Asks: 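Have a look at this one before I ask anything.
Note that this is a predicted model, so its numbers are computed, not measured.
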Protein chains: 2
Amino acid sequence: MRNRRVILDAALNVFSQHGYRGATLDQIAAEAGLSKPNILYYFQGKEQIHLTLLSQLMETWLDPLVELDADGDPKSEILDYVQRKLDMARDLPRESRLFAGEILQGAPRIGPRLHSELKPLFDQKCAVIAGWAKAGKIADINPQHLIFSIWATTQHYADFEAQVSVLVGEDPDAHDTASQHLREMFGRMLCVKD
Amino acid sequence: MRNRRVILDAALNVFSQHGYRGATLDQIAAEAGLSKPNILYYFQGKEQIHLTLLSQLMETWLDPLVELDADGDPKSEILDYVQRKLDMARDLPRESRLFAGEILQGAPRIGPRLHSELKPLFDQKCAVIAGWAKAGKIADINPQHLIFSIWATTQHYADFEAQVSVLVGEDPDAHDTASQHLREMFGRMLCVKD
DNA sequence: AAAAATTTTTACCATTTGGTAAATCCACGA
DNA sequence: TCGTGGATTTACCAAATGGTAAAAATTTTT
(Lines give C-alpha, C1' and ligand atoms only; values in the text may rest on other atoms or scores of the structure.)
Protein backbone atom coordinates (compact mmCIF):
# COMPACT_ATOMS: atom_id res chain seq x y z
CA MET A 1 0.00 0.00 0.00
CA ARG A 2 1.33 3.32 -1.08
CA ASN A 3 -0.79 5.27 1.41
CA ARG A 4 0.96 3.62 4.30
CA ARG A 5 4.22 5.25 3.24
CA VAL A 6 2.50 8.58 2.69
CA ILE A 7 1.11 8.43 6.20
CA LEU A 8 4.42 7.43 7.74
CA ASP A 9 6.17 10.27 5.97
CA ALA A 10 3.58 12.76 7.14
CA ALA A 11 3.73 11.34 10.65
CA LEU A 12 7.50 11.67 10.65
CA ASN A 13 7.15 15.34 9.86
CA VAL A 14 4.63 15.93 12.59
CA PHE A 15 6.10 13.73 15.30
CA SER A 16 9.63 15.01 14.81
CA GLN A 17 8.44 18.58 15.03
CA HIS A 18 5.99 18.39 17.91
CA GLY A 19 6.87 15.22 19.80
CA TYR A 20 4.54 12.33 20.47
CA ARG A 21 1.91 14.06 22.55
CA GLY A 22 2.22 17.29 20.63
CA ALA A 23 1.36 15.59 17.37
CA THR A 24 -2.29 15.08 16.53
CA LEU A 25 -3.92 12.66 14.13
CA ASP A 26 -5.61 15.60 12.47
CA GLN A 27 -2.24 17.19 11.75
CA ILE A 28 -0.89 13.94 10.37
CA ALA A 29 -4.01 13.49 8.28
CA ALA A 30 -3.76 17.00 6.88
CA GLU A 31 -0.07 16.55 6.12
CA ALA A 32 -0.79 13.25 4.40
CA GLY A 33 -3.75 14.66 2.46
CA LEU A 34 -6.07 12.05 3.88
CA SER A 35 -8.95 12.01 6.32
CA LYS A 36 -8.40 10.98 9.89
CA PRO A 37 -10.55 7.84 9.74
CA ASN A 38 -8.74 6.87 6.59
CA ILE A 39 -5.49 6.96 8.49
CA LEU A 40 -6.97 4.74 11.13
CA TYR A 41 -7.85 2.34 8.36
CA TYR A 42 -4.15 1.77 7.76
CA PHE A 43 -2.94 1.98 11.36
CA GLN A 44 -4.53 0.84 14.58
CA GLY A 45 -3.89 4.14 16.28
CA LYS A 46 -1.56 7.01 16.96
CA GLU A 47 0.79 4.97 19.07
CA GLN A 48 1.17 2.32 16.41
CA ILE A 49 2.19 4.90 13.84
CA HIS A 50 4.81 6.23 16.20
CA LEU A 51 6.04 2.76 17.03
CA THR A 52 6.23 1.82 13.36
CA LEU A 53 8.37 4.85 12.68
CA LEU A 54 10.70 4.10 15.56
CA SER A 55 11.02 0.46 14.55
CA GLN A 56 11.93 1.30 10.99
CA LEU A 57 14.30 3.96 12.24
CA MET A 58 16.14 1.51 14.49
CA GLU A 59 17.69 -0.32 11.58
CA THR A 60 18.78 2.83 9.79
CA TRP A 61 20.10 4.21 13.01
CA LEU A 62 22.26 1.26 13.91
CA ASP A 63 23.55 0.72 10.40
CA PRO A 64 26.57 3.05 10.53
CA LEU A 65 27.77 1.34 13.68
CA VAL A 66 27.21 -2.12 12.19
CA GLU A 67 29.57 -1.15 9.39
CA LEU A 68 32.40 -0.41 11.79
CA ASP A 69 34.80 -3.17 10.82
CA ALA A 70 37.00 -4.88 13.36
CA ASP A 71 39.43 -5.85 10.61
CA GLY A 72 39.77 -2.41 9.08
CA ASP A 73 42.26 0.29 9.94
CA PRO A 74 41.25 1.42 13.45
CA LYS A 75 41.65 5.14 13.07
CA SER A 76 39.98 5.42 9.70
CA GLU A 77 37.22 3.04 10.76
CA ILE A 78 36.30 5.36 13.60
CA LEU A 79 36.70 8.53 11.57
CA ASP A 80 34.58 7.04 8.81
CA TYR A 81 31.97 6.17 11.39
CA VAL A 82 31.93 9.77 12.54
CA GLN A 83 31.49 10.85 8.95
CA ARG A 84 28.61 8.45 8.35
CA LYS A 85 26.84 9.66 11.47
CA LEU A 86 27.32 13.28 10.49
CA ASP A 87 26.02 12.63 7.00
CA MET A 88 23.03 10.94 8.50
CA ALA A 89 22.29 13.92 10.71
CA ARG A 90 22.29 16.04 7.57
CA ASP A 91 20.26 13.68 5.42
CA LEU A 92 17.80 12.45 8.01
CA PRO A 93 17.26 15.28 10.48
CA ARG A 94 13.63 14.34 11.07
CA GLU A 95 14.60 10.84 12.04
CA SER A 96 17.29 12.16 14.32
CA ARG A 97 14.87 14.44 16.08
CA LEU A 98 12.22 11.75 16.37
CA PHE A 99 14.73 9.51 18.07
CA ALA A 100 16.06 12.30 20.27
CA GLY A 101 12.55 13.20 21.40
CA GLU A 102 11.82 9.63 22.34
CA ILE A 103 15.01 9.26 24.36
CA LEU A 104 14.58 12.67 25.93
CA GLN A 105 11.29 11.56 27.43
CA GLY A 106 12.79 8.43 28.87
CA ALA A 107 12.34 6.12 25.87
CA PRO A 108 8.82 5.09 26.96
CA ARG A 109 8.09 3.32 23.69
CA ILE A 110 11.47 2.26 22.36
CA GLY A 111 13.08 1.35 25.67
CA PRO A 112 12.87 -2.43 25.17
CA ARG A 113 14.53 -2.21 21.79
CA LEU A 114 17.43 -0.31 23.26
CA HIS A 115 18.10 -3.35 25.41
CA SER A 116 17.48 -5.97 22.78
CA GLU A 117 19.05 -4.33 19.72
CA LEU A 118 21.23 -1.38 20.60
CA LYS A 119 22.96 -2.75 23.67
CA PRO A 120 24.38 -5.95 22.14
CA LEU A 121 25.71 -4.04 19.16
CA PHE A 122 27.10 -1.34 21.40
CA ASP A 123 28.88 -3.85 23.63
CA GLN A 124 30.30 -5.67 20.66
CA LYS A 125 31.72 -2.56 19.04
CA CYS A 126 33.04 -1.30 22.35
CA ALA A 127 34.95 -4.55 22.62
CA VAL A 128 36.37 -4.01 19.15
CA ILE A 129 37.54 -0.52 20.05
CA ALA A 130 38.89 -1.71 23.38
CA GLY A 131 40.85 -4.32 21.44
CA TRP A 132 42.35 -1.67 19.21
CA ALA A 133 43.29 0.37 22.24
CA LYS A 134 44.88 -2.57 24.01
CA ALA A 135 46.86 -3.42 20.89
CA GLY A 136 48.19 0.12 20.87
CA LYS A 137 46.64 0.91 17.50
CA ILE A 138 44.74 3.87 18.90
CA ALA A 139 45.03 5.85 22.11
CA ASP A 140 43.84 4.20 25.29
CA ILE A 141 40.43 5.78 25.52
CA ASN A 142 37.14 4.66 27.01
CA PRO A 143 35.20 3.08 24.12
CA GLN A 144 31.78 3.70 25.64
CA HIS A 145 32.32 7.38 26.14
CA LEU A 146 34.03 7.70 22.79
CA ILE A 147 30.89 6.43 21.11
CA PHE A 148 28.73 8.70 23.24
CA SER A 149 30.85 11.64 22.15
CA ILE A 150 30.47 10.67 18.52
CA TRP A 151 26.72 10.35 18.84
CA ALA A 152 26.41 13.59 20.77
CA THR A 153 28.53 15.73 18.48
CA THR A 154 27.10 14.47 15.21
CA GLN A 155 23.44 14.39 16.17
CA HIS A 156 23.78 17.81 17.74
CA TYR A 157 23.69 19.36 14.28
CA ALA A 158 20.29 17.81 13.57
CA ASP A 159 18.70 17.91 17.01
CA PHE A 160 19.81 21.42 17.95
CA GLU A 161 19.59 22.84 14.47
CA ALA A 162 17.37 25.66 15.69
CA GLN A 163 20.16 26.81 17.97
CA VAL A 164 23.00 26.15 15.55
CA SER A 165 21.35 28.16 12.80
CA VAL A 166 20.92 31.12 15.13
CA LEU A 167 24.57 31.03 16.10
CA VAL A 168 26.30 30.39 12.77
CA GLY A 169 23.66 31.57 10.32
CA GLU A 170 22.74 29.79 7.13
CA ASP A 171 26.17 28.72 5.97
CA PRO A 172 25.95 26.61 2.79
CA ASP A 173 29.09 24.64 3.63
CA ALA A 174 28.42 24.36 7.32
CA HIS A 175 28.36 20.62 6.92
CA ASP A 176 31.92 20.49 5.60
CA THR A 177 33.13 22.80 8.34
CA ALA A 178 31.57 20.57 10.96
CA SER A 179 32.99 17.50 9.29
CA GLN A 180 36.47 18.97 9.30
CA HIS A 181 36.16 19.95 12.93
CA LEU A 182 35.00 16.52 14.07
CA ARG A 183 37.69 14.81 12.00
CA GLU A 184 40.27 16.98 13.68
CA MET A 185 38.86 16.40 17.14
CA PHE A 186 38.45 12.66 16.98
CA GLY A 187 41.63 12.28 14.98
CA ARG A 188 43.60 13.92 17.77
CA MET A 189 41.66 11.94 20.32
CA LEU A 190 42.76 8.65 18.79
CA CYS A 191 46.39 9.44 18.12
CA VAL A 192 48.76 7.33 20.14
CA LYS A 193 51.00 9.67 22.07
CA ASP A 194 54.72 9.32 22.94
CA MET B 1 5.03 33.91 47.03
CA ARG B 2 6.18 30.50 48.01
CA ASN B 3 3.54 28.73 45.92
CA ARG B 4 4.98 30.22 42.75
CA ARG B 5 8.20 28.33 43.34
CA VAL B 6 6.32 25.15 44.19
CA ILE B 7 4.41 25.42 40.94
CA LEU B 8 7.53 26.14 38.90
CA ASP B 9 9.30 23.17 40.41
CA ALA B 10 6.36 20.89 39.68
CA ALA B 11 6.10 22.29 36.17
CA LEU B 12 9.78 21.67 35.61
CA ASN B 13 9.26 18.02 36.48
CA VAL B 14 6.31 17.65 34.16
CA PHE B 15 7.52 19.75 31.23
CA SER B 16 10.98 18.17 31.20
CA GLN B 17 9.49 14.70 31.19
CA HIS B 18 6.65 15.12 28.72
CA GLY B 19 7.49 18.20 26.68
CA TYR B 20 5.34 21.28 26.37
CA ARG B 21 2.31 19.79 24.71
CA GLY B 22 2.62 16.53 26.58
CA ALA B 23 2.39 18.28 29.92
CA THR B 24 -1.05 19.07 31.33
CA LEU B 25 -2.10 21.61 33.89
CA ASP B 26 -3.74 18.81 35.85
CA GLN B 27 -0.43 16.96 36.08
CA ILE B 28 1.36 20.10 37.19
CA ALA B 29 -1.36 20.82 39.71
CA ALA B 30 -1.20 17.29 41.12
CA GLU B 31 2.59 17.44 41.30
CA ALA B 32 2.42 20.78 43.07
CA GLY B 33 -0.33 19.63 45.44
CA LEU B 34 -2.61 22.44 44.36
CA SER B 35 -5.81 22.73 42.38
CA LYS B 36 -5.73 23.69 38.74
CA PRO B 37 -7.56 27.01 39.18
CA ASN B 38 -5.22 27.83 41.99
CA ILE B 39 -2.31 27.44 39.64
CA LEU B 40 -3.98 29.77 37.21
CA TYR B 41 -4.22 32.25 40.01
CA TYR B 42 -0.44 32.51 40.08
CA PHE B 43 0.18 32.18 36.34
CA GLN B 44 -1.80 33.45 33.40
CA GLY B 45 -1.68 30.09 31.65
CA LYS B 46 0.27 27.05 30.69
CA GLU B 47 2.43 28.91 28.22
CA GLN B 48 3.42 31.52 30.77
CA ILE B 49 4.61 28.86 33.19
CA HIS B 50 6.72 27.32 30.47
CA LEU B 51 8.09 30.68 29.44
CA THR B 52 8.91 31.60 33.02
CA LEU B 53 10.88 28.40 33.41
CA LEU B 54 12.80 28.97 30.21
CA SER B 55 13.55 32.57 31.13
CA GLN B 56 14.91 31.66 34.53
CA LEU B 57 16.85 28.83 32.97
CA MET B 58 18.53 31.10 30.45
CA GLU B 59 20.65 32.80 33.09
CA THR B 60 21.72 29.57 34.74
CA TRP B 61 22.42 28.11 31.35
CA LEU B 62 24.66 30.89 30.14
CA ASP B 63 26.48 31.30 33.41
CA PRO B 64 29.26 28.74 32.84
CA LEU B 65 30.12 30.38 29.54
CA VAL B 66 30.05 33.85 31.07
CA GLU B 67 32.71 32.70 33.51
CA LEU B 68 35.09 31.75 30.72
CA ASP B 69 37.81 34.29 31.33
CA ALA B 70 39.76 35.83 28.46
CA ASP B 71 42.63 36.60 30.84
CA GLY B 72 42.92 33.12 32.31
CA ASP B 73 45.02 30.23 31.11
CA PRO B 74 43.42 29.21 27.78
CA LYS B 75 43.58 25.47 28.13
CA SER B 76 42.42 25.29 31.71
CA GLU B 77 39.74 27.91 31.06
CA ILE B 78 38.23 25.68 28.41
CA LEU B 79 38.66 22.47 30.36
CA ASP B 80 37.09 24.10 33.38
CA TYR B 81 34.22 25.21 31.22
CA VAL B 82 33.72 21.61 30.10
CA GLN B 83 33.71 20.55 33.73
CA ARG B 84 31.17 23.17 34.73
CA LYS B 85 28.87 22.13 31.90
CA LEU B 86 29.19 18.48 32.81
CA ASP B 87 28.49 19.20 36.47
CA MET B 88 25.45 21.15 35.42
CA ALA B 89 24.16 18.25 33.36
CA ARG B 90 24.46 16.10 36.48
CA ASP B 91 22.97 18.60 38.89
CA LEU B 92 20.25 20.06 36.69
CA PRO B 93 19.11 17.29 34.34
CA ARG B 94 15.52 18.50 34.30
CA GLU B 95 16.62 21.94 33.17
CA SER B 96 18.84 20.41 30.52
CA ARG B 97 16.00 18.33 29.15
CA LEU B 98 13.56 21.23 29.25
CA PHE B 99 15.97 23.26 27.18
CA ALA B 100 16.72 20.39 24.83
CA GLY B 101 13.03 19.79 24.22
CA GLU B 102 12.46 23.41 23.40
CA ILE B 103 15.32 23.53 20.90
CA LEU B 104 14.39 20.18 19.44
CA GLN B 105 11.02 21.57 18.46
CA GLY B 106 12.52 24.58 16.78
CA ALA B 107 12.72 26.90 19.81
CA PRO B 108 9.17 28.19 19.25
CA ARG B 109 9.07 30.01 22.57
CA ILE B 110 12.69 30.81 23.38
CA GLY B 111 13.86 31.60 19.86
CA PRO B 112 14.02 35.38 20.35
CA ARG B 113 16.14 34.99 23.46
CA LEU B 114 18.63 32.89 21.59
CA HIS B 115 19.23 35.86 19.34
CA SER B 116 19.21 38.52 22.02
CA GLU B 117 21.06 36.75 24.82
CA LEU B 118 22.85 33.63 23.65
CA LYS B 119 24.23 34.87 20.34
CA PRO B 120 26.09 37.95 21.64
CA LEU B 121 27.69 35.93 24.40
CA PHE B 122 28.52 33.13 21.99
CA ASP B 123 30.14 35.51 19.52
CA GLN B 124 32.12 37.20 22.25
CA LYS B 125 33.51 33.97 23.64
CA CYS B 126 34.23 32.64 20.16
CA ALA B 127 36.33 35.74 19.61
CA VAL B 128 38.21 35.07 22.84
CA ILE B 129 38.95 31.50 21.80
CA ALA B 130 39.89 32.59 18.30
CA GLY B 131 42.31 35.04 19.90
CA TRP B 132 43.93 32.26 21.92
CA ALA B 133 44.24 30.16 18.78
CA LYS B 134 45.76 32.98 16.79
CA ALA B 135 48.25 33.66 19.58
CA GLY B 136 49.27 30.01 19.42
CA LYS B 137 48.19 29.31 23.00
CA ILE B 138 45.87 26.54 21.91
CA ALA B 139 45.52 24.56 18.70
CA ASP B 140 44.01 26.33 15.72
CA ILE B 141 40.48 25.02 16.00
CA ASN B 142 37.11 26.39 15.00
CA PRO B 143 35.75 28.10 18.15
CA GLN B 144 32.11 27.77 17.14
CA HIS B 145 32.28 24.07 16.59
CA LEU B 146 34.45 23.58 19.65
CA ILE B 147 31.70 25.09 21.77
CA PHE B 148 29.07 23.01 19.99
CA SER B 149 31.07 19.90 20.77
CA ILE B 150 31.32 20.87 24.41
CA TRP B 151 27.60 21.48 24.64
CA ALA B 152 26.75 18.30 22.81
CA THR B 153 29.00 15.98 24.77
CA THR B 154 28.20 17.33 28.21
CA GLN B 155 24.46 17.71 27.79
CA HIS B 156 24.28 14.29 26.22
CA TYR B 157 24.57 12.72 29.66
CA ALA B 158 21.46 14.52 30.86
CA ASP B 159 19.38 14.59 27.70
CA PHE B 160 20.03 11.01 26.62
CA GLU B 161 20.23 9.59 30.11
CA ALA B 162 17.63 6.95 29.25
CA GLN B 163 19.96 5.60 26.59
CA VAL B 164 23.17 6.02 28.55
CA SER B 165 21.79 4.13 31.52
CA VAL B 166 20.78 1.23 29.31
CA LEU B 167 24.25 1.04 27.80
CA VAL B 168 26.50 1.54 30.82
CA GLY B 169 24.18 0.52 33.66
CA GLU B 170 23.90 2.36 36.94
CA ASP B 171 27.53 3.15 37.55
CA PRO B 172 27.94 5.25 40.72
CA ASP B 173 31.08 6.98 39.44
CA ALA B 174 29.90 7.33 35.87
CA HIS B 175 30.18 11.06 36.26
CA ASP B 176 33.89 10.89 37.03
CA THR B 177 34.51 8.52 34.16
CA ALA B 178 32.74 10.89 31.80
CA SER B 179 34.64 13.82 33.21
CA GLN B 180 37.95 12.07 32.70
CA HIS B 181 37.02 11.13 29.15
CA LEU B 182 35.99 14.66 28.19
CA ARG B 183 39.07 16.14 29.82
CA GLU B 184 41.20 13.77 27.80
CA MET B 185 39.34 14.48 24.59
CA PHE B 186 39.25 18.24 24.77
CA GLY B 187 42.70 18.35 26.27
CA ARG B 188 44.12 16.57 23.23
CA MET B 189 41.99 18.75 21.00
CA LEU B 190 43.53 21.91 22.32
CA CYS B 191 47.18 20.83 22.45
CA VAL B 192 49.36 22.77 20.10
CA LYS B 193 51.10 20.29 17.89
CA ASP B 194 54.70 20.32 16.53
C1' DA C 1 -14.24 42.80 65.60
C1' DA C 2 -15.27 44.53 61.11
C1' DA C 3 -13.63 45.39 56.63
C1' DA C 4 -10.61 44.65 53.02
C1' DA C 5 -7.58 42.02 50.42
C1' DT C 6 -5.74 37.70 49.20
C1' DT C 7 -5.96 32.84 48.40
C1' DT C 8 -8.40 28.56 47.38
C1' DT C 9 -12.19 25.74 45.95
C1' DT C 10 -16.42 24.33 43.50
C1' DA C 11 -18.77 23.99 39.53
C1' DC C 12 -18.56 24.67 35.00
C1' DC C 13 -17.54 25.35 29.77
C1' DA C 14 -15.79 25.24 24.98
C1' DT C 15 -12.51 23.06 22.32
C1' DT C 16 -9.56 19.54 21.05
C1' DT C 17 -8.43 14.89 20.40
C1' DG C 18 -8.16 9.87 19.68
C1' DG C 19 -11.18 6.88 18.04
C1' DT C 20 -15.66 4.46 16.04
C1' DA C 21 -19.94 3.08 13.28
C1' DA C 22 -21.93 3.00 9.36
C1' DA C 23 -22.84 4.56 5.01
C1' DT C 24 -20.79 5.37 0.49
C1' DC C 25 -17.63 5.14 -3.23
C1' DC C 26 -14.92 2.66 -6.48
C1' DA C 27 -12.56 -0.74 -9.11
C1' DC C 28 -13.05 -5.22 -11.09
C1' DG C 29 -14.35 -9.92 -12.11
C1' DA C 30 -18.40 -13.02 -13.15
C1' DT D 1 -25.03 -5.43 -15.10
C1' DC D 2 -24.63 -7.01 -10.77
C1' DG D 3 -22.14 -8.17 -6.87
C1' DT D 4 -18.07 -8.13 -3.99
C1' DG D 5 -14.20 -6.49 -1.39
C1' DG D 6 -11.27 -2.94 -0.36
C1' DA D 7 -10.92 2.15 0.32
C1' DT D 8 -12.85 6.53 1.83
C1' DT D 9 -15.98 9.74 3.87
C1' DT D 10 -19.63 11.49 6.91
C1' DA D 11 -21.30 11.99 11.22
C1' DC D 12 -20.45 11.17 15.55
C1' DC D 13 -18.75 10.32 20.64
C1' DA D 14 -16.47 10.14 25.16
C1' DA D 15 -12.65 11.74 27.46
C1' DA D 16 -9.21 15.06 28.24
C1' DT D 17 -7.70 19.68 28.44
C1' DG D 18 -6.96 24.74 29.03
C1' DG D 19 -9.39 27.96 31.06
C1' DT D 20 -13.24 30.86 33.68
C1' DA D 21 -16.83 32.69 37.05
C1' DA D 22 -18.04 33.15 41.30
C1' DA D 23 -18.45 31.69 45.83
C1' DA D 24 -16.06 30.45 49.99
C1' DA D 25 -12.28 30.45 53.02
C1' DT D 26 -8.40 32.61 54.85
C1' DT D 27 -5.32 36.16 56.03
C1' DT D 28 -4.28 40.92 56.74
C1' DT D 29 -5.33 45.56 57.87
C1' DT D 30 -7.81 49.05 60.26
Side-chain angles (χ1 to χ4, degrees), chain A residues 1-57 94 97-98 101-102 104-111, chain B residues 1-57 94 97-98 101-102 104-111:
Chain A
M1 286 112 180
R2 192 180 159 277
N3 273 359
R4 262 186 84 95
R5 275 186 305 151
V6 171
I7 292 168
L8 286 174
D9 190 68
L12 180 55
N13 282 333
V14 179
F15 278 130
S16 66
Q17 198 172 2
H18 302 288
Y20 179 73
R21 296 264 328 252
T24 70
L25 285 178
D26 293 284
Q27 275 176 293
I28 296 171
E31 188 89 14
L34 298 170
S35 67
K36 181 166 63 175
N38 200 10
I39 281 184
L40 293 167
Y41 173 77
Y42 289 98
F43 293 92
Q44 278 174 30
K46 181 182 176 181
E47 182 153 11
Q48 209 212 40
I49 301 177
H50 194 249
L51 214 61
T52 303
L53 281 174
L54 285 174
S55 290
Q56 292 186 1
L57 176 53
R94 298 177 304 169
R97 286 195 272 264
L98 180 78
E102 169 71 7
L104 198 61
Q105 299 187 358
R109 278 167 286 276
I110 217 187
Chain B
M1 285 109 186
R2 191 178 161 277
N3 273 359
R4 263 186 85 96
R5 275 186 306 151
V6 171
I7 292 168
L8 286 175
D9 189 67
L12 180 55
N13 282 332
V14 179
F15 278 130
S16 65
Q17 198 172 2
H18 302 288
Y20 178 73
R21 296 259 335 246
T24 70
L25 285 177
D26 293 282
Q27 275 176 293
I28 296 171
E31 187 89 14
L34 298 169
S35 68
K36 182 165 63 176
N38 199 10
I39 281 184
L40 293 167
Y41 172 77
Y42 289 99
F43 293 92
Q44 279 174 29
K46 182 183 175 180
E47 183 153 10
Q48 209 213 38
I49 301 177
H50 194 249
L51 213 63
T52 304
L53 280 174
L54 285 173
S55 290
Q56 291 186 1
L57 176 53
R94 299 177 303 169
R97 286 196 272 264
L98 180 78
E102 168 72 7
L104 198 61
Q105 299 187 358
R109 278 167 285 277
I110 218 188

Asks: Rounded to the Å, how far apart are A:Asn38 CG and C:dA22 P?
Replies: 19 Å
Asks: To the nearest 0.5 Å, tell me how far A:Gln105 CD sits from A:Ile110 CD1.
Replies: 13.0 Å
Asks: So, taking the atom named CD in B:Gln48 and the one named CG in B:Leu53, what distance separates them when rounded to the nearest 0.5 Å?
Replies: 10.5 Å
Asks: Assess whether atom CD of B:Gln44 is packed by more than 12 heavy atoms of other residues, nucleotides or ligands within 6.0 Å.
Replies: no
Asks: Rounded to the nearest Å, what distance is computed from the CD1 atom of residue B:Ile39 to the P atom of nucleotide C:dT9?
Replies: 11 Å
Asks: Check whether any side-chain N or O of B:Glu102 sits under 3.5 Å from a backbone N or O of B:Leu54 as a donor-acceptor pair, and report yes or no.
Replies: no
Asks: Please tell me if the side chains of A:Phe15 and A:Ile28 come closer than 4.5 Å, counting only heavy atoms from C-beta onward.
Replies: yes
Asks: Base, sugar-phosphate, or nothing for A:Tyr42, non-hydrogen atoms under 4.0 angstrom?
Replies: sugar-phosphate
Asks: Along nucleotides 10-22 of chain D, 5' to 3', which nucleotides get a B, which get an S, and which get a -, given that the test is a protein heavy-atom distance under 4.0 Å?
Replies: BB-----SBBB--
Asks: Between the two end axes of the helix from C:dA1-D:dT30 to C:dA30-D:dT1, each built from 5 base pairs, what angle do you get to the nearest 10°?
Replies: 10°
Asks: For the residue pair B:Val14 and B:His18, establish whether any side-chain heavy-atom pair is separated by less than 4.5 Å.
Replies: yes
Asks: With respect to the phosphate group of D:dT9, does any side-chain polar atom (N or O) of A:Tyr41 fall under 4.0 Å of OP1 or OP2?
Replies: no
Asks: Can you run down the salt bridge (charged side-chain N to carboxylate O under 4.0 Å, His left out) pairs that involve residues 15-33 of chain B, sequence neighbours left out, and say none if there aren't any?
Replies: B:Asp26-B:Lys36
Asks: Of the non-hydrogen atoms in B:Ala29 and B:Ser35, which two are nearest, and what is the gap between them?
Replies: CB-C, 4.0 Å
Asks: C:dT16 P sits how many Å from A:His18 NE2, rounded?
Replies: 15 Å
